[in-house]
Number of protein chains: 2
Amino acid sequence: MSTARGARARARIEVTAAIKDEARRQLAAEGAAKLSLRAVARELGMVSSALYRYFPSRDDLLTALIIDAYDSLGGAAESAHAEVAAAGPRERWNAVCVAARRWALDHPHEYALIYGSPVPGYVAPQETVPSASRVGLLLIGVVRDAYRDKGVARTPLPAGLKTEARRMAADLAPDLPPEVVVALVASWAQLYGLIGFELFGQFNRVVEDREPFFRHAVERLAHDVGLVYPEPDGTPGGPHSA
Amino acid sequence: MSTARGARARARIEVTAAIKDEARRQLAAEGAAKLSLRAVARELGMVSSALYRYFPSRDDLLTALIIDAYDSLGGAAESAHAEVAAAGPRERWNAVCVAARRWALDHPHEYALIYGSPVPGYVAPQETVPSASRVGLLLIGVVRDAYRDKGVARTPLPAGLKTEARRMAADLAPDLPPEVVVALVASWAQLYGLIGFELFGQFNRVVEDREPFFRHAVERLAHDVGLVYPEPDGTPGGPHSA
DNA sequence: CAAAAACGAGAGCACCGCTCTTGCATTGGA
DNA sequence: TCCAATGCAAGAGCGGTGCTCTCGTTTTTG
């Protein structure tokens, strides 16, 4: 009968989910390096070899967790962005960045899994790309809207970067000027520098009150992509205008 | 006799160095996760348990490698800086940043060891601090010289960051204004965001021609800390002045 | 010169990822 | 409806890991 086929399939889905859940538990508790297939199987009351029916190797299980982590981070950023979707570009930019930091602090091991050093010999499979792009797409969208609405400040590119900048723009956001796309990609990487340094202890004994520090740094990243501060008198100025 | 005591001590130093060399070899070849004490011992023709006379645990060996890596990176940056020590602040800033990237690309696994996700459950021992600070001290020195010479551009701090900024300045560079110290620390983290994204594959299919991209991003970091472009007419302008 | 410390070697423990075989349950086609 | 094919759990086993402990031997020290 139709449910008969569904029985196996449903069971498979459930067991797969249970494995991922338990693996995620261990990942959150101990980190990726201590995630053990045998321990997962033990905790689920099955024998370790049975687990290989669901994930052909430890790396495959990790890949599944990586995709879930990207989606979790992307979802958190999208939710935060949705709450301020009607606000100005700076508020939206800040919301996405702050949400990314928040998620990283709440899920340190999962963050390390996706943005820390890749597991040696491990190369991210193609199927992670869509999930991995969600935060970036959000930031591109914010800048695109600002650009269409009022335009954004631009910093001229050196001659040696213009060709590559055009190529990047054509790939990522053909409707945005190359200068802006370059600034966006750089800010994107720099954002994760800020988050990673806090998360991985590089700020220990250097930055103590990290939330305002991060918010300020993110504001300055917003300048860098051309989202300007409103001047005290209400006149929009260039970024970092002295 | 005096050499008798020295015989053991010298042998110990040599064996310790040999262990670290072989470990570094394996680290560079396969990454930290695949660094195996047994493999190191095997390669050195000793039994694995003997290795514990020199390093009480795998983590201790890794810590030694981390310190060496920090020193190697710091030394590379200092050499690069020394070659342009007489040049202007921007040249010096760029030289340090470019050298850090170069070192990272040349020693990816060692870079991952020190700036990637920390080994789970591993906290950097206090003795790593001096070696880890060398690049940062270099950057502080560049900005300090520029500040003493001609001053640097400043970006005002939000109210909520002023106290922490003063504390940071007092710790890191009491002679520099808090705004500048904040920008310095942020740029420092952002620099490693740029390097890490390139190294860990986040720029795959996004940035292809990475050298000019990096140089441009680093120039903009220089602005952020107040090292301004000379304007076409020779008048120094504010950073990112439109 | 004797006691103490350092050292190398070996056996062994508990764990790991992964493979292979065996037997049972479910499933889908004749 | 029955049967062959498939899916699956279980167990044993291989080669590897970090680490501990013991046991002689060598070197250093008082």
Side-chain angles (χ1 to χ4, degrees), chain A residues 1-20 22-23 25-27 29-66 109 113 118-123, chain B residues 1-20 22-23 25-27 29-66 113 118-122:
Chain A
M1 56 180 85
S2 66
T3 61
R5 177 198 192 116
R8 264 237 204 266
R10 194 164 47 248
R12 185 174 180 84
I13 289 173
E14 277 172 18
V15 174
T16 304
I19 292 172
K20 285 210 295 187
E22 176 58 29
R25 241 185 38 76
Q26 296 191 12
L27 171 63
E30 301 269 18
K34 296 203 174 174
L35 196 170
S36 147
L37 292 190
R38 294 180 109 112
V40 170
R42 207 180 303 132
E43 208 68 25
L44 262 52
M46 53 171 85
V47 86
S48 72
S49 60
L51 216 146
Y52 287 82
R53 299 263 175 204
Y54 300 88
F55 295 94
S57 81
R58 188 178 181 276
D59 271 7
D60 291 273
L61 177 53
L62 274 181
T63 298
L65 294 182
I66 285 175
H109 286 118
L113 188 62
V119 186
Y122 174 85
V123 279
Chain B
M1 58 181 79
S2 65
T3 61
R5 178 198 193 117
R8 263 241 204 267
R10 195 164 45 246
R12 185 173 180 85
I13 289 173
E14 277 173 19
V15 174
T16 304
I19 292 171
K20 284 211 294 187
E22 177 58 29
R25 240 186 38 75
Q26 296 192 11
L27 171 64
E30 300 268 19
K34 297 203 175 175
L35 197 171
S36 148
L37 291 190
R38 294 180 105 113
V40 170
R42 207 179 301 131
E43 208 68 24
L44 263 52
M46 53 171 82
V47 89
S48 72
S49 60
L51 217 146
Y52 286 82
R53 301 270 178 201
Y54 299 88
F55 295 93
S57 82
R58 188 177 181 277
D59 271 7
D60 290 272
L61 176 55
L62 274 181
T63 298
L65 294 181
I66 286 174
L113 188 62
V119 187
Y122 173 85

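Being a predicted model, the structure only gives us computed values, none of them experimental. Lettering of chains follows the sequences in order, A, B, ..., and the numbering in each one begins at 1.
The base of dT26(D) sits with one of its N or O atoms less than 3.5 Å from a complementary donor or acceptor on the side chain of Arg8(B).
Using a 4.0 Å heavy-atom criterion, one finds that Leu51(A) contacts no nucleic acid atom at all. Leu35(A) comes within 4.0 angstrom of sugar-phosphate atoms only, judged by non-hydrogen atoms across all strands, and of no base.
In this model, no donor atom of one side chain and acceptor atom of the other lie less than 3.5 Å apart for Thr63(B) and Asp60(B).
In this view, Arg42(A) satisfies the salt bridge (charged side-chain N to carboxylate O under 4.0 Å, His left out) rule with no residue, not counting sequence neighbours.
Separating the CD atom of Glu30(B) from the P atom of dT17(D) is a distance of 12 Å, rounded to the nearest angstrom. The nearest whole Å value for the distance from the CG atom in Leu37(B) to the C1' atom in dG16(D) is 13 Å. Here the P atom of nucleotide dC8(D) and the CZ atom of Phe55(A) are 13 Å apart, to the nearest Å. Look at OH on Tyr52(A): it is 14 Å from C1' on dG13(D), rounded to the nearest Å. For Ile19(B) and dG18(D), the CD1 to P distance is 13 Å, given to the nearest whole Å. Atom CZ in Arg12(A) sits roughly 9 Å away from atom C1' in dC8(D) (whole-Å rounding). The OH-P distance, from Tyr54(B) to dC19(D), rounds to 18 Å in whole Å. Per the geometry, CE belonging to Met46(A) stands 9 Å off C1' belonging to dA9(D), to the nearest Å.
Here the side chains of Leu62(B) and Phe55(B) are not in contact, with every heavy-atom distance at 4.5 Å or above. Using a 4.5 Å cut-off on side-chain heavy atoms (C-beta onward), Leu61(B) and Leu35(B) make contact.
In this structure, CZ in Arg53(B) is found 9.5 Å from CZ in Arg12(B), a value given to the nearest 0.5 Å. One finds the CG atom of Leu44(A) at 10.0 Å from the OH atom of Tyr54(A) (value rounded to the nearest 0.5 Å).
Phosphate contact (OP1/OP2 of dC16(C), side-chain N/O of Arg58(A), threshold under 4.0 Å): absent. Phosphate contact (OP1/OP2 of dA6(C), side-chain N/O of Arg53(B), threshold under 4.0 Å): absent.
Both Pro56(A) and Gly45(B) lie close to DNA chain C; mapped to their nearest nucleotides by heavy-atom distance, the more 5′-ward contact belongs to Gly45(B).
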Sugar-phosphate atoms are those with a prime plus P, OP1 and OP2; base atoms are the rest. Using that split, label each nucleotide of nucleotides 10-15 of chain C B, S or - for protein heavy atoms under 4.0 Å, 5' to 3'.
B-B---

Can Met46(B) and Val15(B) be said to form a side chain to side chain contact (heavy atoms under 4.5 Å, CB included), step by step?
CA-CA 10 Å; Met46(B) 53 171 82; Val15(B) 174; 3.7 Å; yes

